[in-house]
Every structure is written in C-alpha cells, then in structure tokens.
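All values below come from the heavy atoms of this structure, side chains included, with hydrogens, waters and symmetry mates left out.
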Protein chains: 2
Amino acid sequence: MGTTDDLRFHGGADAYLAACPSRQILDVLANKWTMLVMGALSGGPMRFGELRRRLDGITQKMLTQTLRTLERDGLVTRTVYPTIPPRVEYAATELGESVTTLMHGIRTWSEANINAVLDARDTYDVRAAQEVRPVTA
Amino acid sequence: MGTTDDLRFHGGADAYLAACPSRQILDVLANKWTMLVMGALSGGPMRFGELRRRLDGITQKMLTQTLRTLERDGLVTRTVYPTIPPRVEYAATELGESVTTLMHGIRTWSEANINAVLDARDTYDVRAAQEVRPVTA
DNA sequence: CGGTATCCTCTTTGATACTG
DNA sequence: CAGTATCAAAGAGGATACCG
C-alpha cells in the first residue's frame, strides 16, 4: 500500500513551496476574472452572455478561457442546451460554492476599503515626490 | 458641501465596473505574490530576506515590487534600521491585517482542496481526450 | 448565441550586474 | 542586506474573422 508515485497529498500541501500543486490552484484563484466570475455565479446559474455583460471590460476570449479553467478544475459546470440559437449555462459546483464565499469576501473588502487605499496612495505619492526634492528653505 | 470632482466613493463602489477604483485594489489583492506575502506577514513583522526565503520561487525584483505596491496601498509598513548591513522590516498595517484573514482563507482552501481539484482535472482531461477520438469499436 | 483560431501588441517577469 | 537598473524573454491579453 502507498505507491510513491502518487502525486496526491495526504496532509502536507504548502502553497509557499513553488513545486506544490496547491500553488497552481492558488494561481487560478488569485486572478481578477476568477474572483468576479465566481462572485457572479454565487447568485445561481448564468448564461455566457449574461456573464459577459456583468463583467464589465472582459473580452469574449478571456471569459471563455477563465470559464474553461474553472470547469477543468471542478469549480463550475457547463451545461449546453442544444437549441437554436445555443444556450449555455454556467453554475458553481459544490466545490465552487465554497470558493465563492472567499471570493465574495475579497471583493466586498475591495469595495468597502477603496477609499482608505486611495488615501494611502495619495500620502505615499506625495511623500515620494517630496523626497526627490525636499523643501530646503 | 460635496464637490463633484471628489473621486472618493460614499457607498457606491462596484468592482464589476471596469472604471471603478475598487477594481484596482481587487487587481492588487487577486495576485499570487500578494496572497503569499500578506499571509506570511500575518504572523508578525518579517525582514526582506526572511520573506524571500519563505516565498519559494519569488525573485528579488518581484518581492520588492509587490512590497512597494502593498506599502503604497497602505497594507504594509516598511521600517528601515540604518545599521550596517541595513535591516528592513515589513509588517501588516491595521488595514492590512483585515486582508491577511481573507488571504489566509484562500491559501488554506487551496491547500485543503488541491486533491479534489487535481481529480477534477484528470477527469476533464480524460474526457477531452476521448472526445477527439471516441471509442468506435 | 456561444464559441474557436489567428495574429499581434503590450505588459509582466526573469536574469544579470551594480550600489549604499 | 536590501535594494536599483537594464535588457531580453515570455506570456497574457486584445482585435479580428469565421463557424456550428
């Protein structure tokens, strides 16, 4: 029992190690479009076109690419209704639902603390400008 | 009261809009190195070299760049002790601490569910391979 | 409608060398 | 130790055209 060529982990995953597979899924989650797609799907299934309109600024290519990755990783399901024109619905899987909560937290934080961040940026930028040419008089 | 050229928000931030500044912070947070840096700093201040060793695979350039961004956005403080050789410590600000919790959740999820994701990938890849050449016999 | 395929650009990142 | 600067390589992403 216990072949050594089993790439699965049994309690030792560490995303801080470059070679650990958990780093791969972290890369998928730590992505702007992943955050927004999963957040959008938290409210229930959505069609391709609905998602594209909801995610302002996303291109068709990026949306398709993001959805394919999420489907492959088992976070969303893709259901095709062979009507004319075609109807394709995306939905979070059970595994994906547990992610949407985390994504929602990040997005909510961003929206809630944007002003504090913008203020910090102003302060930082003003300081940086002063250091280049300190007031000498 | 209330000049119209105030770029700050007062309750209407929406990261789904490309032009909304909250999208910018989302971009900063939705980043592999940001996740790991903030996670590392959740345990207290760390020196530059410590962070570099902790974040396996990061280059000096990327670590510096990530830390500068986080400092500018008010999530991290940078303290220089003018000794020889120099000693520089990074620590999460109060604002940053509220982020580390979220980052920790994402990283923990990645480590806990990596096996489920790897299984999903296997299934997906096998299906994709079969579709190209279905078993006809 | 919901894609795929191609080309092309622009940003991100890595590698390397040098500095207070 | 903790950076900065520079150049080259890589890859992400956008625009466009076409398909079932």
Side-chain angles (χ1 to χ4, degrees), chain A residues 18-19 23-24 26-37 40-41 45-73 76-91 124 127-129 131-132 134, chain B residues 18-19 23-24 26-37 40-41 45-73 76-91 124 127-129 131-132 134:
Chain A
R23 175 75 77 84
Q24 294 173 27
L26 184 69
D27 288 352
V28 172
L29 300 181
N31 174 286
K32 171 174 65 174
W33 298 129
T34 294
M35 296 268 176
L36 295 174
V37 165
L41 292 180
M46 288 183 76
R47 296 183 60 173
F48 186 87
E50 289 179 306
L51 282 168
R52 187 173 44 176
R53 282 186 294 276
R54 181 88 175 95
L55 277 65
D56 185 35
I58 198 171
T59 59
Q60 189 174 44
K61 177 182 174 179
M62 288 313 299
L63 181 53
T64 299
Q65 186 175 303
T66 302
L67 288 168
R68 284 291 175 283
T69 300
L70 295 175
E71 186 193 2
R72 186 168 102 102
D73 286 352
V76 307
T77 58
R78 176 174 181 268
T79 309
V80 182
Y81 299 92
T83 57
I84 296 176
R87 174 191 178 86
V88 181
E89 276 194 353
Y90 292 90
Y124 183 93
R127 276 193 217 278
E131 272 168 39
V132 174
Chain B
R23 175 75 77 84
Q24 295 173 28
L26 186 67
D27 287 351
V28 172
L29 300 182
N31 174 285
K32 171 174 63 173
W33 298 129
T34 295
M35 295 270 174
L36 295 174
V37 165
L41 292 180
M46 288 183 77
R47 296 183 58 173
F48 186 87
E50 289 180 305
L51 281 168
R52 186 174 43 174
R53 281 186 296 277
R54 180 90 176 94
L55 276 66
D56 185 37
I58 197 171
T59 61
Q60 189 175 46
K61 179 181 174 179
M62 288 312 299
L63 181 54
T64 298
Q65 188 174 303
T66 302
L67 287 168
R68 286 288 176 285
T69 300
L70 295 175
E71 187 194 1
R72 185 168 102 102
D73 286 354
V76 160
T77 58
R78 177 175 180 268
T79 309
V80 182
Y81 299 93
T83 57
I84 297 176
R87 175 190 177 86
V88 181
E89 277 194 353
Y90 293 90
Y124 183 93
R127 275 193 217 279
E131 273 168 37
V132 173

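- For the atom pair F48(A) CZ and Q60(A) CD, the distance stands at 4.5 Å (nearest 0.5 Å).
- Annotation: the span from M62(A) atom CE to L67(A) atom CG amounts to 10.5 Å, rounded to 0.5 Å.
- Distance I58(A) CD1 to dG2(C) C1': 14 Å, rounded to the nearest Å.
- Put simply, T59(A) has a side-chain N or O that comes within less than 4.0 Å of OP1 or OP2 on dG14(D).
- Look at Y90(B) and you won't find any side-chain N or O under 4.0 angstrom from OP1 or OP2 of dC1(D).
- The side chain of P85(B) approaches dC1(D) more closely than any other nucleotide in the set dT4(C), dC1(D), dT4(D).
- Ion pairing of E50(B) with R52(B) is absent here, as no side-chain N (NZ or NE/NH1/NH2) approaches a carboxylate O to less than 4.0 Å.
- M62(B) has its CE atom 17 Å from the P atom of dT16(C), to the nearest Å.
- For Q60(A), whose side chain is taken as the heavy atoms from C-beta onward, the closest listed nucleotide among dA2(D), dA17(D), dC1(C) is dA17(D).
- Between the P atom of dT4(D) and the CZ atom of R68(B) lies a distance of 5 Å, rounded to the nearest Å.
- If you take CG of N31(A) and C1' of dT12(C), they are 14 Å apart, rounded to a whole angstrom.
- Rounded to an integer number of Å, the gap from NZ of K61(A) to P of dA12(D) is 10 Å.
- Going from atom CG of D27(A) over to atom P of dA12(D) covers 10 Å, rounded to whole Å.
- The side chain of R78(B) contributes no N or O atom lying less than 4.0 Å from OP1 or OP2 of dA2(D).
- When the C1' atom of dA15(C) is taken as reference, atom CG of L63(B) falls 16 Å away, rounded to whole Å.
- Here dG3(C) presents its P atom at 10 Å from CZ of R47(A), a figure rounded to the nearest Å.
- Atom CD1 of residue I58(B) and atom CZ of residue R53(B) lie 13.5 Å apart, to the nearest 0.5 angstrom.
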